[in-house]
Amino acid sequence: MSGHRIRNTLARTTLAIGLATALAAGLQGCVLALAGAAGGGALVATDRRTVGTQTEDREIQVKALSQLSNNLPQDSHINVAVFNRRVLITGEVPDDASKQKAETIVRGINNVNSVVNELAVQPASSFSSRSNDAYLEGRVKTALIAEKYISANNFKVVSERGIVYLMGLVTQEEGGIAAAATSQVPGVVQVVKVYQYIQPQEAAALNAAASQSGASAPGAASAPATSSDATTGAVPDSSVSARPLDQQAPAPVTNSSPAQPGTVTAPK
């Protein structure tokens, strides 16, 4: 059962990448950008995280998915996203005890700096809901690629029940542009910013470092991760799950569809 849940999560990620690639085919330069997001080597060249941090983020995700699958009720539906050693947990669990247990498990994993626990206490989402989330992730990624003043590779996109979470090491201006673009994607119920903000000069320095890393010879060994790798950027209040996350207004209703129940915009 645990392996089945992990495969479902990996399948959803693969589907999202595929959808994003198809949707972006008509945009100049988009296919190359998405190829970088899907393949390890090219991603390093445009990612503001160090190579060591990227590696550790992947290891944290695998460990978290495995441990959560083995220790939570079988009717739980869990997704894990990791960026700069910061873990976002989304999905559904049957009770509050399971929600807290999930957070405790993730906090105990090596190299995790902070946890954003967005698990909902409710029945697991349907297959159609999860398929729609994968589709939305692709649509949002495409919308970010189309924005002139940001790089989509600086953002990690997670959709859960139509709520889109945006992660990344970004400036406040970049974060606002991405959130506004995401909120205009049809089907998006809410946009939640789970950013780590950095100053514009720091963003420029990280971009230069990423470009220099990408110019290195293929296959060159990378330096091992150190505790300083993930300290870039100020961690906002959303690193503590008990506080409200920074949310964006929902996408405008284009038809006569009823508003999603329970959608609340938290104060900033």
Side-chain angles (χ1 to χ4, degrees), residues 13 20 33-34 36-38 40-61 64 80-90 106 109 111-116 118 137 140-141 143-145 147-159 164-182 191-216 222-241 243 245-248 268:
T13 301
L34 283 168
L43 177 62
V44 173
T46 55
D47 198 308
R48 286 173 176 169
R49 296 170 295 174
T50 66
V51 176
T53 299
Q54 292 179 63
T55 301
E56 287 202 341
D57 284 350
R58 288 190 290 268
E59 292 174 351
I60 290 169
Q61 183 184 36
V80 175
V82 187
F83 194 94
N84 205 41
R85 298 180 188 157
R86 190 176 199 201
V87 183
L88 169 67
I89 321 172
T90 59
V106 173
I109 295 174
N111 298 314
V112 170
N113 277 0
S114 59
V115 178
V116 180
E118 283 291 286
E137 287 176 4
V140 168
K141 193 71 174 179
L144 298 184
I145 289 170
E147 289 296 321
K148 183 178 180 181
Y149 297 105
I150 61 174
S151 170
N153 285 328
N154 292 329
F155 298 86
K156 180 180 284 291
V157 179
V158 178
S159 179
V164 175
Y165 300 86
L166 298 176
M167 306 179 76
L169 281 170
V170 297
T171 65
Q172 290 194 338
E173 182 180 9
E174 290 172 333
I177 291 171
T182 301
V191 182
V192 182
K193 303 171 188 173
V194 198
Y195 299 136
Q196 289 168 289
Y197 289 114
I198 54 179
Q199 296 300 316
Q201 60 270 26
E202 192 172 10
L206 290 172
N207 289 342
S211 298
Q212 187 175 20
S213 173
S216 301
S222 59
T226 66
S227 59
S228 63
D229 283 343
T231 58
T232 302
V235 179
D237 284 349
S238 52
S239 63
V240 182
S241 60
R243 299 179 183 175
L245 297 177
D246 187 10
Q247 298 187 348
Q248 184 86 359
K268 294 186 179 180

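The structure presented is a predicted model; accordingly, all values stated were derived computationally and were not measured.
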Can a donor-acceptor pair be found, under 3.5 Å and without considering hydrogens, that links the side chain of D57 to the backbone of R85? yes

What pairs with N154 under side-chain hydrogen bond (donor to acceptor under 3.5 Å, both in side chains), at least two apart in sequence or on another chain? none

Are Y165 and V116 side-chain neighbours, meaning at least one heavy-atom pair lies under 4.5 Å? no

Does T53 reach the main-chain N or O of R49 with its side chain, forming a donor-acceptor pair under 3.5 Å? no

Measure from the side-chain N and O atoms of R48 to the backbone N and O of G168, and report whether any donor-acceptor pair falls under 3.5 Å. no

Within the 4.5 Å heavy-atom criterion, are F155 and Y195 side-chain neighbours or not? yes

Sorted by chain and number, sequence neighbours left out, side-chain contact (heavy atoms from CB on, under 4.5 Å) with A81 holds for L88, K156, V158, M167

Contact check, side chains of V87 and I60, non-hydrogen atoms, under 4.5 Å: yes

Quick one: does V82's side chain get under 4.5 Å of V80's, heavy atoms only? yes

From CD (Q196) to CG (N84), nearest 0.5 Å: 4.5 Å

Please confirm whether the backbone N or O of A181 pairs with a side-chain atom of E147, one donor and one acceptor, at under 3.5 Å? no

Sorted by chain and residue number, the side-chain contact (heavy atoms from CB on, under 4.5 Å) partners of A152 (sequence neighbours excluded) come out as K141, L144, I145

State, yes or no, whether a side-chain contact exists between V157 and L166 at a heavy-atom distance under 4.5 Å. yes

Test side-chain contact (heavy atoms from CB on, under 4.5 Å) applied to Q172 - qualifying residues, sequence neighbours left out: Y197

In Å, rounded to the nearest 0.5 Å, how long is the span from CD of E137 to OG1 of T182? 11.5 Å

